[in-house]
Structure formats: structure tokens, C-alpha cells
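I have placed the structure first, in the form of C-alpha cells, so that the comments after it can refer back to it.
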Amino acid sequence: MSFRQTGQPTFTPMNQSLSQTQQFQQNQQRQLYHPPSNEIRYQQTQFQPWQSDTQRNDRQRPYSAQPTVQTRQMFPSEPTEQERRLFESTSGAGINFDKYDEIHVQVSGNNVIPPIESYEDIDLGPALNRNIVLAGYKKPTPIQKHSIPIILGGRDLMACAQTGSGKTCAFLLPILRRLQLVNNKGGKVYDQRRLIINPAALVVAPTRELCIQIFEEASKFSNRTDLLVCVCYGGKNLRDQIYALRSYGCDLLVATPGRLIDLLQQGIVGMSHIQTLCLDEADRMLDMGFEPQIRQIVEGFGMPPAGRRQTVMFSATFPKEIQRLAALFLQNYLFCVVGTVGETAKDIVQKFERVYPGSEFDTLLRLLPTLSSPQSQGPSSSNSNLILIFTETKREANNLDRLLNARGYPSTSIHGDRTQNEREAAMYAFRSGRVQILVATDVASRGIDIPEVRVVINYSMPNEFDRYVHRIGRTGRVGNVGTAITFIKNTDTSMIGPLIDNLEQSGQEIPPFFYEIGGSRLYSNTGNRGKWAGGRDVRNESRGRGGYKSHTFTHRGRGGGAGGQYGQNRMSFQPHQTAGWGDSQSRMGGEESWGGSGGRGGRGGFRGGRGRGGGQWRGNDGQRQQFRPYSAGSGYPQPEPYPTPSPPAFTPHRPQTGRDGFQRNTVTWNQGGTQSGRGGDINWTG
Ligand SMILES: Nc1ncnc2c1ncn2[C@@H]1O[C@H](COP(=O)(O)OP(=O)(O)OP(=O)(O)O)[C@@H](O)[C@H]1O
């Protein structure tokens with residue numbers, strides 16, 4: 001008899017006949033329907049790691065039997081000086097931030113997990129909640145609304161959202177929260193007297209600069225937790241990174257694939273504790289360049305297989321063939337797309353300049369005075385108007401940098417031929433506004449977040465549309481407006497079709513000269529245009545009508561009142577009755593739209609649990625369906641972590657930086673402070 005029939009869950013006692021995956025799913029289910037209260041769940045974080053199968057099976061005790069630890073969260077109400085410095089680089093949301101709510105979100109897969117509407121809807125723990133406030137985030141972006149509960153719920157995820165829409169935080173927050181429940185103790189394990197560092201979560205990103213950036217974000221959000229975050233990337237001294245890893249241990253490792261494989265091959269780092277694997281810029285990580293390395297990392301060093309680990313993938317672009325390949329690393333995953341796959345942000349004004357071979361630099365010189373702020377004519381400390389110029393080759397980047405400097409425009413460059421120290425110096429000079437022009441190859445096209453970049457110039461048009469999307473995505477981030485100027489040559493015919501599609505989609509003007517250049521490509525809906533179009537889960541294409549049901553969400557409706565009706569279905573808010581979430585998914589292949597109608601008190605969408613009840617709606621099949629609301633702060637289902645071997649007792653040192661710039665998470669506590677064991681936030685007792 002199932003829970004849905006009786007209202008009470010029935011669980012098979014855990015025994016040897018259940019596979020580890022089944023046991024994990026059963027645990028998840030148990031927590032899904034019996035979310036423990038905040039306090040009890042917090043106490044639950046104090047558990048010891050499972051050490052063996054027998055011990056794991058013995059863990060079938062009710063929560064009330066867990067040891068009770070009296071804890072009080074005592075964080076200073078005001079940020080300390082150190083915290084101010086840590087969070088000072090966080091940019092504010094732009095004027096168009098609220099427009100994100102108008103973008104439709106589609107989620108497909110089995111048992112879709114509904115989104116949150118605010119950070120308070122979900123229990124991320126006091127430390128993370130405080131860090132969100134310190135970062136100045138007032139409400140989650142659409143991708144965060146969906147990804148946070150999905151990742152926290154232990155599901156695999158393939159997520160696609162526009163550039164600059166907060167994807168980093170969408171995976172970091174739930175990963176850090178899950179890590180708090182793991183008790184990995186820095187993953188230090190001795191194997192035949194040899195120390196191996198086993199992180200519990202791994203984020204892999206394609207470029208060194210992006211790794212540094214993700215690490216810095218992770219350091220911010222793990223502030224005042226006892227989690228150890230490390231970054232490893234090529235171009236820096238390997239011995240220093242090994243020294244730092246071994247000294248401190250590591251719970252969350254951010255790495256580039258090449259350096260990670262080095263560390264794995266030398267037996268410095270192990271993959272056996274990995275519970276969550278995250279591929280940022282996943283389409284790049286799985287294209288021909290990186291795919292063999294990712295396969296090696298996932299399959300060659302004892303990482304738990306799909307189903308026993310959680311795998312999440314994020315990008316702004318997800319070509320269909322990469323989606324198919326990515327599916328091999330995932331199990332029973334949810335596919336979440338904000339807007340349309342590969343869409344450019346609407347806040348970027350796209351302009352085009354027709355150029356002829358050899359006339360590019362003159363065109364640039366003509367444009368620059370109109371783009372730069374007055375301060376940018378010469379050395380200046382103002383960084384309000386940064387210009388990022390993309391070239392196709394390293395040589396072109398070097399030449400352009402030299403020419404610009406010769407003409408009195410202070411610039412610097414970043415590309416693969418520069419040393420890592422030069423690259424980091426260039427990024428620092430640009431971020432801080434010491435130089436206002438950065439000439440870059442595609443090493444800076446993905447993920448790099450510099451809020452003051454107001455203009456991106458494609459000095460030459462890339463030959464793949466996704467590279468264009470990522471390049472121009474360096475501006476117009478998180479609700480800020482930006483401008484992208486692209487130089488188009490007569491030979492760029494293959495890109496004209498996708499560009500026209502894109503401009504039409506974002507309601508922008510199509511330059512008349514496109515019709516001259518485009519020729520027959522303009523009217524063909526094949527090739528690249530077909531490749532990039534659409535925002536579908538590829539699983540549905542192969543399944544035809546029997547594919548996964550796709551749920552469309554819109555988060556409009558804040559501010560109260562009427563409105564928020566979307567599509568054919570209007571959601572009405574009713575007091576929550578019985579949980580029918582799983583049942584509502586039973587009809588495959590249809591499409592539903594769930595809109596926030598504003599509702600009482602003006603919160604649309606899925607805000608239940610504060611007396612506002614759950615929701616019910618009619619799908620296209622006309623049947624009444626219901627969802628189970630969250631209670632504010634009453635605890636989102638938290639899966640039990642996978643069993644991890646017990647590492648030896650370890651007292652972490654926490655210097656701010658390791659030797660030679662190897663960066664470490666910085667955690668400080670007051671004199672006399674106590675730490676309430678792994679898995680919790682650090683508690684201050686004065
Ligand atoms: N909820 C939020 N409120 C305000 N700002 C936010 C929020 N979430 C993220 N940001 C800020 O938005 C900026 C862009 O975020 P992020 O770099 O994660 O975007 P992204 O989607 O990963 O972009 P890309 O596709 O280019 O990698 C960052 O400066 C981040 O601090």
C-alpha cells in the first residue's frame with residue numbers, strides 16, 4: 001500500500017536485498033514525506049558517517065533517536081570588516097532584475113520538484129542565509145528558484161539559463177548546504193599510510209579564470225561554515241596546491257579538468273567520496289575538447305556511478321547532441337530551461353557593424369570614442385564603463401592590444417599564450433578598472449562575471465552561435481543593461497540565419513545588410529539555425545508523444561492583485577489537501593502551464609505553507625491536479641547523504657591564503673568560540 005493511498009508512507013525495512021541506490025531513494029522518500037522540523041533536522045546534522053554496510057543498515061532509527069545537541073546560532077548581526085571585504089565584490093542586481101520573473105521556465109522529467117519563490121521558502125541553514133543577505137541577494141533568480149530545491153532534493157539536473165542569470169549561486173548554495181549534512185571532515189583518508197584527499201563535492205569548469213571565480217563565490221557562501229573549499233587549476237605550482245590540499249583537506253573542490261587529472265593520477269586526490277558532481281559550462285565540458293578528460297575523471301578514479309552520486313550540469317547553451325551525451329552521466333534527471341535553450345539575455349542591445357578585410361581596426365577606432373566614458377581617455381580609476389573585445393586568435397589579440405596601446409587606449413590582453421600570472425594580472429587590472437579595455441580570446445568568453453562591463457565587441461564573428469551567445473553574455477548581467485557590437489564580414493554567412501532568429505526572438509532590429517550577406521541561408525531552417533532553435537528536452541524528441549511531461553512555470557504575480565494567468569491553465573490557490581504530486585505526473589507527454597496568479601498577499605507561484613495553502617490546477621487533460629506546498633522554513637526534503645568512509649580526526653587550519661597565492665576558504669571565529677562538530681554551522685558562544 002503506498003503513501004498516496006493511505007496518507008501514511010510504508011517503507012520496506014532496509015536489508016541486504018535492497019541495492020544501495022534503492023536504499024538511497026527510500027531514504028529520500030522517507031524524508032520527502034516526513035520533513036523533520038528545523039530543530040530536529042539541525043540536530044540530525046551531527047550524525048557520524050556510516051562506516052560499513054552493516055552500520056548503514058543499523059541506521060534505521062527514527063529521527064527522535066538521534067543524539068540531541070543543544071545549539072544556538074549566534075552570528076554577529078553586523079558584518080565584520082573581514083566579511084565586508086569578502087562580500088564587497090558582489091554586484092547589485094540591475095534595473096531589469098524583476099523582468100526575470102516574466103521568463104517562462106520549463107521543467108521536464110519524472111516527479112518534477114516545484115520551485116521556491118524566495119530564499120526563506122527553503123531551509124539553507126543560518127550561515128548560508130546570512131551569507132545570502134550579506135551578498136545583497138533579495139530574491140532568487142528563476143534558475144535559482146528551480147535548481148535549489150531540485151539539487152537539495154538529491155536529483156540529477158541538466159539546467160540551461162541565460163548568461164548572467166545567477167547559475168553559479170544556483171548550484172553552489174544547495175551543494176554547500178548538502179555538504180553541511182555530510183560530515184566529510186575534509187576528506188582526509190590514509191591508504192597504506194599515504195594521505196589522500198577525498199572531496200565530497202566537485203565542480204569542474206573549463207577555464208582557470210572561471211575556476212577562480214567559482215572558488216571565490218564558494219568562499220563567500222561558505223563563510224562561517226566549517227566547510228573547506230579548494231581550487232586547483234593549471235599554470236600554478238602543483239607542489240603548492242598539493243601542500244595546501246594535504247594541510248587543510250577539502251570538502252568542495254573546484255578544478256579545471258587537466259590539473260584535476262594530474263592530482264588524481266598522482267594519488268593526491270580521490271574521487272570515492274564524491275556525492276555531488278557539478279559541470280559548469282557543461283556543453284563545453286562535454287564537447288570534443290574536454291569530453292575524454294571528463295570521462296576519465298568520472299569513470300577512471302573510483303567516483304560513485306550515476307545514481308549513487310548526484311550529477312548536475314549548468315550552461316547557457318546546450319546543443320542537442322551534447323544533451324544526448326550528457327544524459328549518459330545522469331540518472332533520472334530533471335531538465336530545466338529558463339526561457340529558450342541558447343537564448344541571449346534580453347538586456348543586451350545587439351548592434352552590428354559591416355566590415356571589410358583590413359578595415360576592422362579603423363572601425364574600432366571610430367567606435368571607441370563613442371563608447372568610452374570621458375575618464376577612459378587615459379589612465380583612470382573609474383571602472384564604470386569597461387570594454388571587452390573578443391578576437392578569434394591569440395595573435396590577433398596580441399596585435400590588437402599593442403595597436404590600442406599605441407593609439408593611447410590603455411588595454412591589456414588575456415589568451416592561452418600568456419603565463420597564468422600574466423593572465424591573472426590582466427584580469428585584476430581590468431576588474432579593478434586600471435585598464436578599461438581587455439582584449440581576449442574565448443578563454444574569457446564563458447562564465448566570467450565583471451559587472452562593470454558595459455560593452456562587448458566581437459572584433460571577429462565566431463563561427464559557432466553558442467560562442468557568440470557566451471561572448472556577448474559578458475555584459476547585460478543580472479538585470480543590468482549592456483551593448484554588444486559585432487563586426488560582420490561578407491564571409492560570415494553561416495551565422496546570419498541564427499542571428500536573425502535570435503534578434504527576432506529578443507525583439508531587436510535586424511540590420512538591412514544581413515539580407516545582402518545572408519543569401520539563401522536566410523530562408524533555410526536547417527543547419528545551424530535548426531541546431532540552436534528550440535528549448536526542448538531532447539529526451540522528448542526520441543520518445544515522440546510519449547516523452548516527459550513538460551511543466552511551464554512563470555513567476556509573475558508578485559505584488560498582488562489579479563493577473564499571472566499564463567497559457568491555457570490558470571492556477572487557483574486552495575487549502576492544501578492531500579499530496580498528489582507524484583500522481584499528477586502520471587500522464588506522460590503532455591504540457592502544463594503553471595502561473596502565479598498573484599494570489600492573496602500578492603505572492604504568485606508556489607508559495608504555500610504560510611496559511612496560503614497549496615495549489616491545484618487543471619492540466620491540458622482537464623483533470624484536477626494538486627501539488628504539495630512548502631512550509632516556509634519548515635524544512636524542504638533533505639536527502640540523506642551517501643555513506644562515506646570515516647576519515648581520521650582532523651583539526652583544520654584556516655589561513656586566509658596558502659603559499660604562493662593558493663587560495664583557501666577563510667573562516668574565522670571569536671576567541672573562545674566552539675565548533676559544534678562537522679556538518680553544522682560554526683556556533684559562537686562568545
Ligand atoms: N539572486 C540574486 N540577486 C542579485 N544578484 C545575483 C543573484 N544571483 C546571482 N547574482 C549575481 O549575478 C551575477 C551573475 O551571476 P553568475 O555569474 O552566477 O551568472 P551565470 O548565469 O553563471 O552567467 P554565465 O552564463 O555567464 O556563467 C553575479 O555577480 C552574482 O553575484
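Counting starts at 1 for both ligands and their atoms, following the listed order. Because only heavy atoms are used, hydrogens play no part in the values below, and waters and symmetry mates are left out as well, while side chains stay in. Remember, predicted model here, so these are calculated numbers, not experimental data.
Near S165, the atoms of ligand 1 lying under 4.0 angstrom from a non-hydrogen atom of the residue are 19 (O), 20 (P), 21 (O). Counting atoms of ligand 1 from 1 in the listed order, those under 4.0 Å from a heavy atom of E281 are 27 (O).
Judged as a salt bridge (Lys or Arg N to Asp or Glu O under 4.0 Å), and not counting sequence neighbours, the contacts of R295 are E291, E299. Every residue two or more places apart in sequence or in another chain that forms a salt bridge (Lys or Arg N to Asp or Glu O under 4.0 Å) with R418 is listed here: E422.
Using a 4.0 Å cut-off between charged side-chain N and carboxylate O, R431 and E424 make no salt bridge.
Inclusion of K139 in the set of residues having an N or O under 3.5 Å from an N or O of ligand 1 is warranted. Checking only distances, E217 never comes within under 3.5 Å of ligand 1, N or O to N or O. For G166, a nitrogen or oxygen atom sits less than 3.5 Å from a nitrogen or oxygen atom of ligand 1, counting backbone and side chain alike.
Of the options Q144, H470, K145, the smallest heavy-atom separation from atom 8 (N) of ligand 1 is shown by Q144. With atom 29 (O) of ligand 1 as the reference point, the heavy atom nearest to it among D449, L210, T168, I214 is part of D449.
Contact annotation: for R446 versus ligand 1, there are no heavy atoms closer than 4.0 Å. Within the 4.0 Å heavy-atom criterion, the part of F97 lying near ligand 1 is the side chain and not the backbone. Under 4.0 Å from ligand 1, heavy atoms of K167 appear from its side chain as well as its backbone. Residue Y119 touches ligand 1 through its side chain alone, judged by heavy-atom distances below 4.0 Å.
Side-chain atoms of T311 and R309 form a donor-acceptor pair, as typed in the model, at a separation below 3.5 Å.
Atom CG of L386 sits about 8.5 Å away from atom CZ of R454, to the nearest 0.5 Å.
Put simply, the residue from R467, H470, E464 that forms a side-chain contact (heavy atoms from CB on, under 4.5 Å) with D442 is R467.
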